[in-house]
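One structure below.
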Amino acid sequence: MRKQSTWLLRIIALATTGALLITTPSAFANTLNDLKNEQKQLEQKKGNINSTIKETEGKINQNESKMDQILAQIKELDSKIINTETQISEVLNEIKLTTTEIEKLRASIKELERKIEERDELLKERIRAVQVSGGSVSYIDVLLGANSFIDFIDRFSAVNTLMDADRTILQEQADDKKQLEEQQVSLEKKLQQQEDSKNKLVSLKASLDGQKASKGKLVDQLEVEQAKLHEEKEVLETEYDEILNLSQATQNKIVAEQKRLAEVARKAAEEKKRKAAEERKRQQAASGGSSTVIPNVSSGSWTKPASGRFTSGYGTRTHPIYGGTKTHYGIDIANSTGTPVVSAADGVVSYASPLSTYGNVIMVTHSIDGQTFTSLYAHLSSIKVGVGQVVSKGQIIGAIGTTGNSTGPHLHFEIHAGNWEGMAKNSVNPMRYISL
């Protein structure tokens, strides 16, 4: 935005200078006194305009300072949102782990209850057998009823076997009942732990919703400040129009001079672009290839589509190529040609070809919480996906370039609520969804 105001101030200064150069003595003045008076008037007018420009520029700088503060707050909230989303992911993993443990405990408890029930039936059968025999079984009577020493030995071995079996059954029954009790206590603890985790999850989601609402308000405030800056710019444009209210001949000469300077600027820009391309090739050759910096993938539904410097926001601005006030329906991230571009969310590629002034374009259609979104990535140097391909958040889909109407290598990124039906239709500010 500072560049927009600087550009306009330069145009005003150029127009003023043109007026000074064109209204020379040879054109309008016949005497030295007339020339001096005219020069004095022009200098006075120039001083007044410069004073007004400086005053307006001070106001613009104040607005830019406010907007810088708001952007800083937005970035701070972005950090908190990313942290909260990470905590939510951790709690969800805890709940998943606890659920698995609970299922295992319930299966173990069910198996223990089955074993205990089977032993209870076995013990009941033993009791019923004793009742049928007319009373309790006396192991001594069994031994004394032996007919011979060998029969006694056989009966003694059988009695020992029966007594060991009874003791084993009773010990296993006691052990299983103890283990059952311990596992039931553990299950209650796990259930309480899961309930606590769910309550924590509800709290974190409420906190996340609050943070996103605060960010939305800051974005609203940012857009208000952008509107104020636009109003200040309109004041400068009015002054610019007043300066151009000279004679038709003077105005034609100003236009001609502007065209000449524009051609000079165009050639200078081409030369600068050529040298920058050569420098990039040199750096790539020295480093063995283009940059492969891939942005960190954020938690949540959305992530930043490319690494680089944030150069232009969403909203009204002076167009860098055509001039004049234009609405910018996305954000720009500048970086070297070849820098990877990733999908900002899970989705399906719905377009992957050149498109008008966008140059090489990829569009990805997303379904997030039941709502359809379309993300657009423009000015790409290469396209690495095809229409119909399913892509994941953070997956490389292309590379930064300067195709189409572009003043340098950067990613132009848009988000539309619904399907893409032109740049203005359903356009939303990407800063509401991604973190810078």
Side-chain angles (χ1 to χ4, degrees), residues 67-68 70-89 208 211-212 214-216 218-219 222-223 290-315 328-349 352 358 360-369 371 373-385 391-402 406 408-417 420 427-436:
M67 292 169 70
D68 288 342
I70 294 172
L71 278 171
Q73 293 177 46
I74 288 175
K75 288 182 179 180
E76 183 179 350
L77 270 176
D78 283 340
S79 177
K80 291 181 179 178
I81 288 171
I82 290 171
N83 182 55
T84 304
E85 287 174 337
T86 301
Q87 291 183 55
I88 287 174
S89 296
L208 179 62
Q211 289 166 352
K212 288 184 175 180
S214 298
K215 178 180 177 180
L218 284 174
V219 174
L222 180 63
E223 291 175 351
S290 61
S291 172
T292 57
V293 177
I294 300 176
N296 292 329
V297 179
S298 302
S299 299
S301 300
W302 297 90
T303 193
K304 185 177 179 180
S307 295
R309 181 168 53 89
F310 176 77
T311 57
S312 186
Y314 180 95
H328 191 224
Y329 291 101
I331 63 172
D332 290 344
I333 299 173
N335 211 327
S336 59
T337 298
T339 298
V341 173
V342 303
S343 179
D346 297 339
V348 178
V349 177
Y358 280 121
N360 291 331
V361 168
I362 296 172
M363 297 184 199
V364 181
T365 300
H366 317 276
S367 179
I368 299 174
D369 296 331
Q371 183 176 356
F373 292 89
T374 301
S375 57
L376 180 147
Y377 314 76
H379 305 312
L380 303 175
S381 62
S382 64
I383 295 174
K384 302 183 184 299
V385 290
V391 293
S392 302
K393 180 183 67 172
Q395 178 179 335
I396 296 176
I397 58 175
I400 284 178
T402 184
S406 169
H410 72 282
L411 171 67
H412 172 78
F413 177 68
E414 297 179 9
I415 295 180
H416 296 259
W420 189 87
S427 174
V428 294
N429 193 336
M431 290 175 65
R432 294 184 182 275
Y433 301 94
I434 69 165
S435 301
L436 297 177

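Residues satisfying the side-chain contact (heavy atoms from CB on, under 4.5 Å) criterion with Ser367, sequence neighbours excluded, are absent altogether. Looking at residues two or more places apart in sequence or on another chain, you find a side-chain contact (heavy atoms from CB on, under 4.5 Å) between Asp346 and Ser392, Lys393. For Thr86, the side-chain contact (heavy atoms from CB on, under 4.5 Å) partners at least two apart in sequence or on another chain are Ile82, Glu90, Ser299. By the side-chain contact (heavy atoms from CB on, under 4.5 Å) test, Ala345 is found to be paired with Trp302, His366, Ile368, residues two or more places apart in sequence or in another chain being considered. Partners of Thr374 according to the side chain to side chain donor-acceptor pair (under 3.5 Å) rule, which considers only residues two or more places apart in sequence or in another chain, do not exist here. Scored by the side chain to side chain donor-acceptor pair (under 3.5 Å) test, His379 finds no partners at all (sequence neighbours excluded).
The distance from atom CE of Met431 to atom CD1 of Ile415, rounded to the nearest 0.5 Å, is 11.5 Å. In this structure, CD1 in Ile400 is found 10.5 Å from OG in Ser406, a value given to the nearest 0.5 Å. Taken to the nearest 0.5 Å, the CD1 atom of Ile396 stands 3.5 Å off from the CD1 atom of Ile294. Atoms OG and CD1, on Ser214 and Ile81 in that order, are 8.5 Å from each other to the nearest 0.5 Å. In this structure, OG on Ser375 lies 12.0 Å from OH on Tyr433, to the nearest 0.5 angstrom.
Of the possible polar contacts, none joining the Asp332 side chain to the Thr311 backbone as a donor-acceptor pair under 3.5 Å is found. A distance-only check finds no donor-acceptor pair linking the side chain of Thr337 to the backbone of Gly401 [under 3.5 Å]. The closest donor-acceptor contact from the side chain of Thr303 to the backbone of Ser298 lies under 3.5 Å. Checking side-chain atoms of Ser79 against main-chain N and O of Lys75 turns up no donor-acceptor pair under 3.5 Å. A side-chain donor-acceptor contact under 3.5 Å links Tyr377 to the backbone of Ala344.
Two residues are said to be in side-chain contact when any heavy atoms from C-beta on lie closer than 4.5 Å; Val361 and Leu376 meet this criterion. Put simply, the side chain of Val342 does not reach to within 4.5 Å of the side chain of Val297, judged on heavy atoms. Using a 4.5 Å cut-off on side-chain heavy atoms (C-beta onward), Glu414 and Tyr358 make contact. In this structure the side chain of Tyr314 never reaches within 4.5 angstrom of the side chain of Arg432, judged on heavy atoms. Side-chain atoms of Phe413 and Ile333, non-hydrogen and from C-beta on, never get closer than 4.5 Å to each other. Between Leu208 and Gln87 there is no side-chain heavy-atom pair separated by less than 4.5 Å. Side-chain atoms of Leu411 and Leu380, non-hydrogen and from C-beta on, do get closer than 4.5 Å to each other.
Ring-plane geometry between His328 and His412 is classed as tilted, the angle between the planes lying from 30 to 60 degrees on a 0 to 90 degree scale.
Pairing each heavy atom of Pro305 with each of Ile434, the nearest pair is CD-CD1, 3.8 Å. Nearest heavy-atom pair across Gly338 and Ser381 is N-OG, 3.9 Å. Summarising the geometry of Val341 relative to Ala399, their closest heavy-atom pair is CG2-C, 3.9 Å, with the distance given to 0.1 Å. In plain terms, the two heavy atoms of Pro409 and Ser336 that are nearest each other are CB-C, 4.4 Å. Scanning all heavy atoms of the two residues, the minimum distance from Pro340 to Ala306 falls at O-CB, 3.9 Å. Minimum interatomic distance between Val349 and Val391 (heavy atoms only, all atoms of both residues): CG2-CG1, 3.9 Å.
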